[in-house]
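Indexing begins at 1, ligand by ligand and atom by atom, following the structure's order. A quick note: this is a predicted structure, and the numbers were derived from the prediction, not measured.
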Amino acid sequence: MKQLLGLIGHPVKHSLSPWIHSKFLEKSNIEGMYTVFDISENELKDQLNKLRQKDIRGFNVTIPYKQKIIPLLDGLDQTAKEIGAVNTVSNINGKLIGFNTDGIGYLRSLQKEYPETLANKDIRILLIGAGGAARGIYYILNQSGYQSIDIANRTYKNAKSITSLKSSKVKSSILTLEEASELLGSYDLIIQTTNVGMKPNEALAPIRTSWINDATIVSDIIYQPIWTKLLQEAADRGARIHHGHTMLLYQASYSFEIWFGQSPLLEDMDTQLKQLLEG
Ligand code: NAP
């Protein structure tokens, strides 16, 4: 039977998910199709019912529906429930169940590149930003046992809301972006999750980089451009770099795993995706 997959959101026309999931299907020898559904908010409920009737295996959810879809679903897994956002839905015997793969996808992509550093749960981590993606990443780092995760964000209350996640076990300090800039040299891992530096504002960085040193891993989840200003400056200072497109690939891979119970072979997809993004 042909497996139906898709993406709902608005706008969705520039999404890379159809490219990624079509490759996953092909590599896994699964006959299927990944379709993009650009829907307006007042159509959301009806469209979900139509997708259910189409016997869709599962679909991804992007802006602006990651939170709005929650009351329309039949259930949530624990991660999506705690984060309060869904980016993957699985149709399990007619019930639509929501998941969030951002945090696990992020952590897997980082572990793949820097397994030794990530094996040490005592590393000092700085999370820059406190939006939806940061929330998912903080949750998973916390669940995975990392002991020290500070958050720097423009708006204090958004950072506070992340540290108040129900299952939070770590002690975290909340910093201004200015304070964090001064302390960059004291972190083993710096994770940038704001929109600052994203196309078409490539000339911007959310923090000053002068204190970054060569003992640090600097990770930016922005993938357009692949080389953000922050990553360029960090590389110039000798830091180890982690690019955002790898998170994109691994969070998609985890969605696929939820739908089919098997991981797709990623092989050279990291390089291919990078080339695609660099045009
Ligand atoms: P979001 O929920 O809207 O959060 C945006 C974050 O950026 C907030 O912390 C916000 O701070 C901060 N911010 C926005 N404009 C700012 C400015 N001018 N100065 C300082 N801080 C600013 O967005 P999101 O969904 O978390 O996504 C954030 C980024 O991650 C986007 O670039 C997105 O493309 C990328 N992303 C990548 C992947 C991947 O797979 N690689 C996955 C998800 C997201 P306040 O709290 O002060 O508003």
Side-chain angles (χ1 to χ4, degrees), residues 7 9-12 14-17 19-21 60-69 79-80 83-88 99-110 112-113 126-140 149-164 172 174-181 190-208 218-231 241-256 266 269-270 273-274 276-277:
L7 168 71
H10 178 76
V12 283
H14 296 300
S15 170
L16 290 160
S17 295
W19 183 86
I20 294 174
H21 282 286
N60 292 121
V61 183
T62 189
I63 46 169
Y65 302 128
K66 286 184 170 189
Q67 281 97 27
K68 287 176 184 147
I69 196 170
T79 305
I83 296 169
V86 162
N87 75 341
T88 301
F99 297 81
N100 192 305
T101 67
D102 275 343
I104 294 180
Y106 174 76
L107 186 57
R108 286 181 179 178
S109 72
L110 195 61
K112 168 87 178 19
E113 241 168 297
L126 173 69
L127 193 57
I128 303 171
R135 212 174 164 80
I137 291 171
Y138 182 92
Y139 175 79
I140 290 301
I149 313 168
D150 292 345
I151 305 184
N153 194 47
R154 179 179 61 176
T155 308
Y156 177 86
K157 75 169 169 38
N158 294 343
K160 183 74 193 156
S161 146
I162 293 193
T163 60
S164 311
S172 297
I174 298 174
L175 308 168
T176 64
L177 294 168
E178 190 50 39
E179 284 166 345
S181 296
I190 298 168
I191 308 169
Q192 192 312 105
T193 71
T194 75
N195 302 324
V196 183
M198 196 167 80
K199 259 184 186 169
N201 298 310
E202 294 103 318
L204 302 177
I207 43 164
R208 280 182 294 107
V218 179
S219 170
D220 197 328
I221 70 163
I222 289 175
Y223 53 87
Q224 279 177 318
I226 295 258
W227 278 99
T228 57
K229 182 176 160 70
L230 173 70
L231 289 187
I241 300 302
H242 176 249
H243 291 281
H245 71 284
T246 61
M247 170 180 176
L248 185 65
L249 201 55
Y250 278 81
Q251 58 82 25
S253 158
Y254 185 42
S255 296
F256 192 90
L266 299 183
M269 278 187 71
D270 174 344
L273 182 58
K274 189 162 179 256
L276 192 69
L277 284 161

* Which atoms from ligand 1 have a heavy atom of Gly129 less than 4.0 Å away? -> 9 (O)
* Could you tell me whether the side chains of Glu179 and Ser181 share a donor-acceptor contact shorter than 3.5 Å? => no
* Structure fact -> When distances are taken from atom 37 (C) of ligand 1, the protein heavy atom at minimum range is Ile221 O, 3.3 Å
* Of all the atoms in ligand 1, which lie at a distance below 4.0 Å from a heavy atom belonging to Ile222? -> 32 (O)
* Asked: For ligand 1, which atoms, with element, lie under 4.0 Å from some heavy atom of Val196?
  -> 16 (C), 17 (C), 18 (N), 19 (N), 20 (C), 21 (N), 22 (C)
* To do: Considering heavy atoms of the protein only, find what lies nearest to atom 47 (O) of ligand 1 and give residue, atom and distance to 0.1 Å.
  => Thr155 OG1, 2.4 Å
* Atoms in ligand 1 flagged as close to Gly244, the criterion being non-hydrogen separation under 4.0 Å -> 41 (N)
* Check: Asn87 side chain, Thr101 main-chain N or O, donor-acceptor pair, under 3.5 Å -> yes
* Near Thr193, which atoms of ligand 1 are under 4.0 Å from a heavy atom of that residue? -> 28 (C), 29 (C), 30 (O)
* List the closest protein heavy-atom neighbour of atom 34 (O) of ligand 1: residue, atom name, distance to the nearest 0.1 Å. => Met198 SD, 3.7 Å
* **Main-chain N/O of Val12 paired with Ser15 side-chain donor or acceptor, under 3.5 Å** => no
* To do: Could you find the nearest protein heavy atom to atom 3 (O) of ligand 1 and give me its residue, atom name and distance?
  => Asn195 ND2, 4.2 Å
* Check: His245 and Leu249 side chains under 4.5 Å, non-hydrogen atoms -> no
* Asked: What's the shortest distance from atom 48 (O) of ligand 1 to any protein heavy atom, and which residue and atom give it?
  -> Arg154 NH2, 2.9 Å
* **Selection from Ser109, Gly131, Ala130 by shortest heavy-atom distance to atom 1 (P) of ligand 1** => Gly131
* Aromatic plane relationship, His242 with Tyr106 - under 30° parallel, 30 to 60° tilted, over 60° perpendicular -> perpendicular
